Amino acid sequence: MKIKIANLVAATVRNCIAAGLIPTADLPYMEVEVPNNPEHGDYASNVAMILASQIKKNPRQIAAVIQSNLVDPENILEKTEIAGPGFLNFYLKESVWQNTLQIIEEQKEEYGRLDVGGAQKVQVEFVSANPTGPLHIGHARGAVVGDVIANLLQTTGYSVDREYYINDAGNQMNNLGKSVLFRYRELLGEKNEFPENCYQGDYIKNVAQDIIKKEGDKYLALNEEETIRNFTAIAGELILTEIKNDLRDFGVIFDHYFSEKELYENDGVGELLESLKKQGFIYSDGETLWFKTTAYGDEKDRVVVRKNGEPTYFAADIAYHQNKYSRGYKMIIDIWGADHHGYMPRLWAGIQALGQDKESLKLILVQLVNLLRGGLPVAMSTRSGEFVTLREVLDEVGKDAARYNFLMRRSDSHLDFDLEVAKKQSNENPVYYVQYAYARISSILKMAGERDIVFPAYKDIDPALLQEPEEINLMKIMARYPEMIEGAARALEPHRITFYLNELASLFHSYYNKNKVISDNEKLTAARLFMISTIRIVLQNALKILGVNAPEKM
RNA sequence: GCGCCUGUAGCUCAGCUGGAUAGAGCAACGGACUUCUAAUCCGUGGGCCGAGAGUUCGAAUCCCUCCAGGCGCACCA
């Protein structure tokens, strides 16, 4: 709808320029938007003011010229007004809004599905936590944000893959194996001091226990180095399986798990460094190899091969991103914890050295979660093993409330997550507010069925009966659903959906309290049943993108 | 010291990439269940948009300088 108005304005301005009514000017970049104040029309445009500054004329005069020459081939305008400093306000015919009821009913779960992406290949990489311990609350936010961004892009016509990068190569994995070995010995009665830099969490004991159960004490007699390698592999495998299970129960399913280790095994890193060296991006200071990231705006160059001959994480990461591009992705989205922001210029430099456009790699920072319980901070420290796991959050507050809570804020704003509030089934918890609207509609439709009221077809209702202000507003906001989705997808901002849902649910609850849907008036009942059914469709489509359930009953 | 993010109602946050009189939820206060679900609704109060200068028809939004909080500044990942 917004696009229709924009096109209509653009066509009019072009006509006016061609007819000499407006002194020659470029067709400006202009805004068509929904005004804050509904008294300013359904849509408003600032063209006249933009043109005014270009050609130095009174914006209201220009607006008047545009207004009197408006072309409206589809006859959707009720009236237009010139207001304020020179806004053009457009009021649309009610039939336009009523017509969206039919569109929604016809398209059902397709309503809001767009093809702005043109099937372009996109990869979203997220979570990517080291398999050295279970996922905790901090990973959960990134998991939901990544998942919903992927859903959004999918629904707007991109071909999306979700990928998890397994950092299974560094020395933190070696520490994991070591930690398990210590617990293993401990459980088998050997006394030893547990080293500082090892993982303290109870899950390490569980892994050791598991090994004892399956293979007994045979590792006590074996070579330590080899045992650590074995335990690393076993523990990594077990923990990764747990991570996958947690994510699955959180509603997050990945298409690929990409192993850093395989990158080395296939010599991706070595080949990459070789080719970058030929292009002059790599130099040696005699002991280490440096990447000239300053060539692309990084504040200093970065080491890619250490003194001891081992490539750094950064080297592997460039190779990884080269691999991504080689798989044909046109847009690559990485979701990171905000504590990694210092790493951004480095990676952008890396992919530009590969000949890729900086714009093709979107780096999204998700701020850390501030975990509370009843208003008081919950202490968290990974190393000591004191942290709230994703599993505990799932058990305590459930998937829907957890996901919704993480989606209620812009991802670059800090988020307080209060376990007590998230768990409460009350008005403090917005997820229920939205779900309740869905359940209420379902309940009304069910009631209508029980009273043998046949659900009407669009041709059998008279949408002009929907004259209540709340009804008009409901139709308007539903008509804007696709625009909201497109905006959220373009900006990669999932939180816009929760705000939209809250508004739609609020309008519905208000309407519900004021009006009866099922009444003695058969025609009115039919029209209202039809409308609330379309509300239910929109609620369902939006909730589906969020990965939150839409319950028939609550 | 340098860099990134944040600063909007008592609290938690939106504000659609520069628009018109800055909005929600919670909390506070007062009302509405014999009714299609009260996990709801209706009403009332509440603001130097961190501060100061600047850009222009127009700034919470953009530029600059400060102030405050968070996070980074590895041959860790």
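Because the structure is a prediction, the values reported are computed rather than measured. Order of the sequence lines fixes the chain letters, A, B, ..., with proteins taken first and strands second; residue numbering starts at 1 for each chain.
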Q | Anti versus syn assignment for C71(B), with syn defined as within 90° of 0 | A | anti
Q) Can you tell me if the side-chain N/O atoms of H495(A) get under 4.0 Å from OP1 or OP2 in G15(B)? A) yes
Q | Any donor-acceptor N/O pair under 3.5 Å between A20(B) base and N89(A) side chain | A | yes
Q.
Parallel, tilted or perpendicular: which one describes the rings of Y343(A) and F314(A), with boundaries at 30° and 60°?
A. perpendicular
(Q) Distance check, C1' atoms only: G69(B) and C33(B), in whole angstrom units. (A) 46 Å
Q) Looking across every strand, which nucleic acid part, if any, lies under 4.0 Å from F314(A) by heavy atom: base, sugar-phosphate, or nothing? A) nothing
Q | From K516(A) atom NZ to R528(A) atom CZ, the distance as rounded to the nearest 0.5 Å | A | 11.0 Å
Q) Please give, in whole Å, the distance from U37(B) C1' to I532(A) CD1? A) 13 Å
Q) For R409(A) and G15(B), what is the distance between atoms CZ and P respectively, to the nearest whole Å? A) 11 Å
Q: Would you tell me if any nitrogen or oxygen in the side chain of Y433(A) comes within less than 4.0 Å of OP1 or OP2 on C41(B)?
A: yes
Q. Where does the angle between the aromatic ring planes of H495(A) and F499(A) fall among parallel (under 30°), tilted (30 to 60°) and perpendicular (over 60°)?
A. perpendicular
Q. What is the nucleic acid contact for N502(A), judged by heavy atoms within less than 4.0 Å: base, sugar-phosphate only, or nothing?
A. sugar-phosphate
Q.
Tell me whether F87(A) and A20(B) count as stacked here, given that the ring centres must be under 5.5 Å apart and the planes must differ by less than 30 degrees.
A. yes
Q. Is E468(A) salt-bridged to K514(A), cutoff N-O under 4.0 Å?
A. no
Q) With both distances under 3.5 angstrom, what nucleotide forms a Watson-Crick or G-U wobble pair with U17(B)? A) none
Q: Consider the side chain of E260(A), meaning its heavy atoms from C-beta on, and name the nucleotide among C36(B), C75(B), A77(B) that approaches it most closely.
A: A77(B)
Q. Quantified in whole Å, what is the P atom distance between nucleotide G15(B) and nucleotide C62(B)?
A. 12 Å
Q. Looking for any heavy atom pair under 4.0 Å, which part of the strands does H40(A) touch: base, sugar-phosphate only, or nothing?
A. base
Q) With respect to the phosphate group of C16(B), does any side-chain polar atom (N or O) of R490(A) fall under 4.0 Å of OP1 or OP2? A) no
Q.
At 4.0 Å (heavy atoms only), tell me whether T288(A) reaches a base, stays on the sugar-phosphate, or touches nothing.
A. base
Q. In whole Å, what separates the C1' atom of A77(B) from that of C13(B)?
A. 33 Å
Q) What does A169(A) touch in the nucleic acid at a heavy-atom separation under 4.0 angstrom: a base, only the sugar-phosphate, or nothing? A) nothing
Q. Base, sugar-phosphate alone, or nothing: which one does R496(A) contact when heavy atoms must sit under 4.0 Å apart?
A. sugar-phosphate
Q) Looking for any heavy atom pair under 4.0 Å, which part of the strands does Q367(A) touch: base, sugar-phosphate only, or nothing? A) sugar-phosphate
Q. Within the structure, does a side-chain N or O atom of N37(A) lie under 4.0 Å from either OP1 or OP2 of A20(B)?
A. no
Q: Report which part of the nucleic acid A52(A) touches: base, sugar-phosphate, or nothing (heavy-atom distance under 4.0 Å, all strands).
A: nothing
Q) Does the gap between the ring centers of Y43(A) and Y91(A) come in under 6.0 Å? A) no
Q. According to the Watson-Crick and G-U wobble definitions, with both distances under 3.5 Å, which nucleotide is paired to C26(B)?
A. G10(B)
(Q) Quick check: Y320(A) with F258(A) (ring centres under 6.0 Å apart)? (A) yes
Q) Do NZ/NE/NH1/NH2 and the carboxylate oxygens of R410(A) and E493(A) come within less than 4.0 Å? A) no
Q. Going by a 90° cut-off around 0, is U17(B) syn or anti?
A. syn
**Q.** Parallel, tilted or perpendicular: ring planes of Y165(A) versus Y313(A), cut at 30 and 60 degrees
**A.** tilted
Q) With respect to the phosphate group of A14(B), does any side-chain polar atom (N or O) of S413(A) fall under 4.0 Å of OP1 or OP2? A) yes
**Q.** Separation of the C1' atoms in U44(B) and A9(B), to the nearest angstrom
**A.** 15 Å
Q | Spacing of the C1' atoms in C11(B) and G47(B) (rounded, Å) | A | 15 Å
Q.
So E299(A), base contact, sugar-phosphate only, or nothing? Heavy-atom distance under 4.0 Å.
A. sugar-phosphate
Q | Same-atom distance (P) from C71(B) to G18(B), integer angstrom | A | 31 Å
Q) Can you check whether S510(A) has a side-chain N or O nearer than 4.0 Å to OP1 or OP2 of U40(B)? A) no
Q | Atom P, compared across G3(B) and C66(B): separation rounded to whole Å | A | 10 Å
Q.
Would you measure the distance from the C1' atom in U34(B) across to the matching atom in C49(B) and give it in whole Å?
A. 49 Å
Q. Looking at R346(A) and D301(A), does any basic side-chain N land under 4.0 Å from a carboxylate oxygen?
A. no
**Q.** R440(A) side-chain proximity, nearest of C71(B), G19(B), A38(B)
**A.** A38(B)
Q) Is M447(A) touching bases, backbone alone, or none of the nucleic acid, heavy atoms closer than 4.0 Å? A) sugar-phosphate
(Q) Suppose we define a pair by two distances each less than 3.5 Å, Watson-Crick or G-U wobble; what does C4(B) pair with here? (A) G70(B)
Q | Nucleotide A22(B), atom P - distance to CG of N36(A) in whole Å | A | 10 Å
Q: Check whether any side-chain nitrogen or oxygen of R410(A) sits under 4.0 Å from OP1 or OP2 of G15(B), and answer yes or no.
A: yes
Q | Sugar-phosphate only, base, or nothing, as touched by Y436(A) at under 4.0 Å among non-hydrogen atoms | A | base
Q. Taking a pair as Watson-Crick or G-U wobble with both distances under 3.5 Å, which nucleotide is matched to A59(B)?
A. none
Q) When you measure from the side chain of P85(A), which nucleotide among A77(B), C57(B), C75(B) comes out closest? A) C57(B)
Q) Whole Å only: how far is the CG atom of D339(A) from the P atom of G72(B)? A) 6 Å
Q: Tell me what K553(A) touches on the nucleic acid: a base, only sugar-phosphate, or nothing, going by heavy atoms under 4.0 Å.
A: base
Q: Identify which nucleotide among U12(B), A20(B), C75(B) has an atom closest to any side-chain atom of A44(A), counting heavy atoms from C-beta outward.
A: A20(B)
Q.
Tell me which nucleotide, if any, is Watson-Crick or G-U wobble paired with U34(B) when both distances must be under 3.5 Å.
A. none
(Q) Base of G72(B), side chain of H340(A) - is there a donor-acceptor contact under 3.5 Å? (A) no
**Q.** Side-chain N or O of Y432(A) closer than 4.0 Å to phosphate OP1/OP2 of U40(B)
**A.** no
Q | Atom-pair distance (CD1 on I444(A); C1' on U40(B)), nearest Å | A | 12 Å
(Q) From C-beta outward on W290(A), which listed nucleotide comes closest to its side chain: C75(B), U12(B), C71(B)? (A) C75(B)
Q: Looking at every strand, decide which applies to A83(A) at a 4.0 Å heavy-atom threshold: base, sugar-phosphate, or nothing.
A: base
(Q) Can you identify which nucleotide, out of G15(B), C41(B), C36(B), has its nearest atom closest to the H509(A) side chain? (A) C41(B)
Q. Between Y481(A) and Y500(A), what is the ring plane arrangement, given parallel below 30°, perpendicular above 60°, and tilted in between?
A. tilted
Q. Please give, in whole Å, the distance from A77(B) P to H321(A) NE2?
A. 16 Å
Q. Once you round it to whole Å, what is the distance between C1' of A77(B) and CG of D334(A)?
A. 15 Å
Q: Once you apply the 3.5 Å cut-off to both distances, tell me the Watson-Crick or G-U wobble partner of A39(B), or none.
A: none
Q) How is E310(A) classified with respect to the nucleic acid when contacts are heavy atoms under 4.0 Å: base, sugar-phosphate, or nothing? A) nothing
